[in-house]
Amino acid sequence: MSLTTAAPMQNRDDYLDAVTLIRTASAAYHTDGETPLDDATYDRLRQEVAAYERAHPGHVSAVSPTGKVAEGALAPGAVPHTVPMGSLHNVTTPNELSGWYAKLDPSRSRGLTVENKLDGVALVARYVNGRLVALLLRGNGRHGDDVSHAISNDIHGLPEQLAEPFTFEARGEVVFTFKQFERANTIRAQHGAKPFSSPRAAAAGTLRATNRLYRLEMTFFAYHAVALPLGTGKPLADVETQAELMEQVAAAGVQTTAATVHGLRVVATVAEAQRCVEQIEAERASLPYGIDGVVIKANSLVQQAAAGSDARAPLWAVAYKLAPAERVTKLLDVKWSIGRTGVLAPRAVLAEVELGGSMVSSATLHNPSDIGRLDLRLGDSVTVILAQDIIPRVLAPVVHLRPKAAEPIEMPTTCPVCGGGLDKSQERWRCAATAAGTTSCGLPAALLYAAGRDQLDIDGLGPSVISGLIGHGYVADIGDLFALNHDQLAQAAGGSTVLADKLAGQIEAAKARPLHQVLTSLGLIGTGREISERLADRFGSMSAVLAADTTALRAVDGIGAKKAALIAAQLPRTAKVVAKLAAAGVNLTGSASGSAGDTTTGGPLTGKSVVVTGTMSGSLAGFDRAGMRHLIKLAGGSPTESVSKKTGLLVVGQRAGSKVAKAEKLGVEQADEETFAALVRDYLEAALDAMAENRT
Ligand code: IVH
C-alpha cells in the first residue's frame, strides 16, 4: 500500500499492512528511536486505521494499536510505574480545544497551564532522599525499561543529588537541543559512528546506550511530578495547582518546562490559551529545541483528579498538535551558490514534502563541512526541519534507510559564480575574490536581502529580475537600484512593462523607508533588524553611523567590543553605496522609534524608556518581544533592552530575570503585567492586531 495517499483504506489487507507498519515503527521508536516513518505519516496512518475500524468493527485486528499506549508494541519492561504513564490526546483546531475544555468541571477551575510540547523521549526520574536512584522509560505505560545506567551529569537539568532530601518522581522529556544534536553528531563522526537522524532518535539511542566510549550531553525538562510511596525522605508539599507543583520541582533543583523559552504559563481562559498556542506556533522556528505541539493542562489538581484518565491518556491535559516541522524526505541534488557575505552556500534539492504547513522542495545545508561530517549522500533519506527564520534545513541523513545506489556529493573546487578560487581557511568557505573585494559574487543574494520586507520592502524584486539586472550590468550594488529607468526595469523583467511599472513604484516608495530599514538593507554583518533599530535611535542619521568609531558603537545597547569592531571594520566600504542612496534621495535620517510612524505623542508612556523582562501572561498573554516593543511605542514610550538609570519603567512578567534586582538597586519604577496592561489599555487592541498582521 502507498503511504502517501490520504485515501481511506479499501480492504482488510491494506488495513492489516498498516497495523503491522504502525507496530513495527512504534517498536523501533521505543527501542532505538530510529523509526522508518516520520511523525506526520505515522499519525495519518493511525487515523486511517482508526477510521477503517470505525467503518468495519467486525474486522478489527486482535493486535490493533488503537487505544493502546506505545501502540501495544512492547513487551512490558522490567519496572512497574508508580502511577500509569499516559500519553496525550491531541487537538488540532480552536474548536477541538474548546471542546476539550468544556468537559472540565468549571466550578473547580484555577485556569489552564500552557507549555511547549517537547519533541524528545519521556523519562521518569526517581529521587529518594534527594538522590537520583532510577531512570525509567515510558514503555507500555504500566511498565517501563530501566535506563538508570544513564544517570550522570550528562543530562542537563537532572542533577544526581538535590540540595534537600526530597523523595518524589519527576516526569518529563529528555531532548537534544539543536546545538547538543550538532555536537553529538560531530562527536559520533569522530568515533566512526553513524550520525543520529534526529534529536529525538539521539535521545532515545543515548538513553538506551550502555557501552559508549564517548558521552553526549542532553537536556531534561520536567512536566509533571508524582509522589513516591516510599516513606523515606521529604515529600513535595501539598499544593493546589499544577504550576505550584512544578515550582516545587524546580525549587528542588530539577529543571522544569518553566525553564523553556515560553515557560509554564498560567492563563484564565481557553481563549487566552489559544492565543498562547498561536504565539508559540509563530515563534517555533526560533526555538533552540524541537517541539511538536503545545500542551494545555487544567491547573487545579482537584479539577485534574475529577477529570481522570482513559486507557490512553489523562483527560485533564491535551496536546495541541502543530503542523509537522520535521519530516523525512529524499535528498535529490545539491546546488551551490554564494550568500550575500560571499560564503559558499550549499542548497539541498528535496523530494517535495509538507513542512510547517507549506510544501517544501529545497532546504539549506548549514555549510560544506556538514556534508562531510554527516557523510550525506545523494539519494539519502534526510531529516528536514524548520529552522531559524522559517527556512527549511537538512539536519541529518537517516542512515539505515540509505539505498545502495546513494552517491557521494561532489564538493566544488571553484566559486560557482565567478569560477575563481575558494578561500577554505575557515569553517565557512568563501569566494576568494569576493572576500578580497575584487568581485561580488554575493550580489544576487545581497539584493534579494535588501528587497526583503524588513529592509527596503521592494515587492516584485525577486531572483529572476535581480539576475536580469545584474546580467545586463545595470546594478553593481544596492545604490544602483535607485538609478534604474523604466526601460532597464522592463528589460530585467523579461519585457513586462506591467512589472516594470510596479517595480518603479515600489523603488520610489522604498526611498522613504525609515533609517533603520535602509541601514539593515546594507547587509553589514552584525547589523540585523534589532541592532539597526538601536543604531538609528542612537545616531539619528546614516552619516553619523558612518562616522561612528568603536567607542561610539559600544555605547549602543547590545553591541559589545567584538561586534563594535566587526561593524566598524565594514563601515568605510559602505560609503560609496551610501553616497548613491543620498544622491537618489533615499531617506537617511530619523530614529527607529520616531520614524516607524507608530509612536504616539501624548500617550501614557511619552518620554519614558521602557524595559520588559520575563514572559507576559494574564491580560498580556500572547505578547512576544516584538509585540511589547510595538505596544510601548504605540503608547508613546521607547522600548530599550537593558535597565539603567535612564530607564523610566520596568515591566515585570513571568520568570523575570536579573533585571528586577537591577531595577531595585537603581530605584527604577516597576509595573506588573496587570498594572502595565491597565496603563496602556487604549493601545492593547491595536498592538494585538498589528502582531496578528505581522504573522500572516
Ligand atoms: S504532559 C501526565 N507535558 O508528549 C502527563 N507531555 O504525546 C502527561 N510531552 O508522553 C504528559 N512535552 O512524553 C506533557 N509539556 C509536556 C510535554 C509532554 C512533551 C510528551 C510526553 C507524552 C507525549 C504525548
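For this chain, numbers begin at 1 and follow the sequence in order. Please read these numbers as outputs of a predicted model, since none were measured by experiment. The analysis underlying the following values was restricted to heavy atoms, covering all of them including side chains, and did not include hydrogens, waters or symmetry mates. One-based numbering, in listed order, for ligands and for the atoms of each.
- With hydrogens and angles ignored, the 3.5 Å screen pairs no side-chain donor or acceptor of Arg171 with any backbone N or O of Ala222.
- In plain terms, the two heavy atoms of Trp100 and Leu315 that are nearest each other are NE1-O, 2.9 Å.
- Of the possible polar contacts, none joining the Glu182 side chain to the Lys179 backbone as a donor-acceptor pair under 3.5 Å is found.
- Atom 13 (O) of ligand 1 has as its closest protein heavy atom Glu173 OE1, 2.6 Å.
- Within the 4.0 Å heavy-atom criterion, the part of Asn116 lying near ligand 1 is the backbone and not the side chain.
- Of the polar atoms of His224, none of the N or O atoms is found under 3.5 Å from an N or O of ligand 1, judged by distance alone.
- Counting the atoms of ligand 1 from 1 in the order shown, those under 4.0 Å from a heavy atom of Lys297 are 1 (S), 3 (N), 14 (C).
- Ionic pairing of Asp145 and Arg208 is present here: one or more N-O contacts between side-chain nitrogen and carboxylate oxygen are shorter than 4.0 angstrom.
- Counting only N and O atoms by type, the side chains of Glu283 and His262 include a donor and acceptor under 3.5 Å apart.
- By the 4.0 Å N-to-carboxylate-O rule, Arg110 lies close enough to Glu240 to be salt-bridged with it.
- At a 4.0 Å heavy-atom cut-off, ligand 1 touches Leu88 through backbone and side chain alike.
- Looking at Lys117 against ligand 1, both its backbone and its side chain come within 4.0 Å, counting heavy atoms.
- The closest approach between a heavy atom of Asp119 and any atom of ligand 1 is not below 4.0 Å.
- Between Arg138 and ligand 1, at least one pair of N/O atoms sits closer than 3.5 Å.
- A cation-pi arrangement is found for Arg188 relative to Phe196, the charged atom lying closer than 6.0 Å to the ring centre and inside a 45° cone about the ring normal.
- For ligand 1, the polar-atom distance check finds no N/O of Pro314 at less than 3.5 Å from any of the ligand's N/O atoms.
- Relative orientation of the Phe181 and Phe176 rings is perpendicular, given thresholds of 30° and 60° on the angle between their planes.
- Residue Ala122 has at least one heavy-atom neighbour below 4.0 Å for each of these atoms of ligand 1: 13 (O).
- In this structure, His224 has its ring center closer than 6.0 angstrom to the ring center of Trp316.
- Every atom of ligand 1 is numbered from 1 in the order shown, and the set under 4.0 Å from a heavy atom of Glu115 is 15 (N).
- Thr206 and Met218 make their closest contact through CG2-CE, 3.6 Å (heavy atoms, listed as atom of the first residue, atom of the second, distance).
- Contacts between Met85 and ligand 1 below 4.0 angstrom, taking non-hydrogen atoms only, are absent altogether.
- Under a 4.0 Å criterion applied to the non-hydrogen atoms of Trp316, ligand 1 contributes the atoms 2 (C).
- At least one heavy atom of Ser87 sits under 4.0 Å from some atom of ligand 1.
- When hydrogens are left out, the protein atom nearest atom 12 (N) of ligand 1 is Leu118 N, 3.0 Å; that is the closest non-hydrogen contact.
- Ligand 1 does not have Arg171 within reach: every non-hydrogen atom of the residue lies 4.0 Å or more from it.
- Checked by distance only, ligand 1 and Tyr223 come closer than 3.5 Å through their nitrogen or oxygen atoms.
- Counting only N and O atoms by type, the side chains of Thr93 and Asn95 include no donor and acceptor under 3.5 Å apart.
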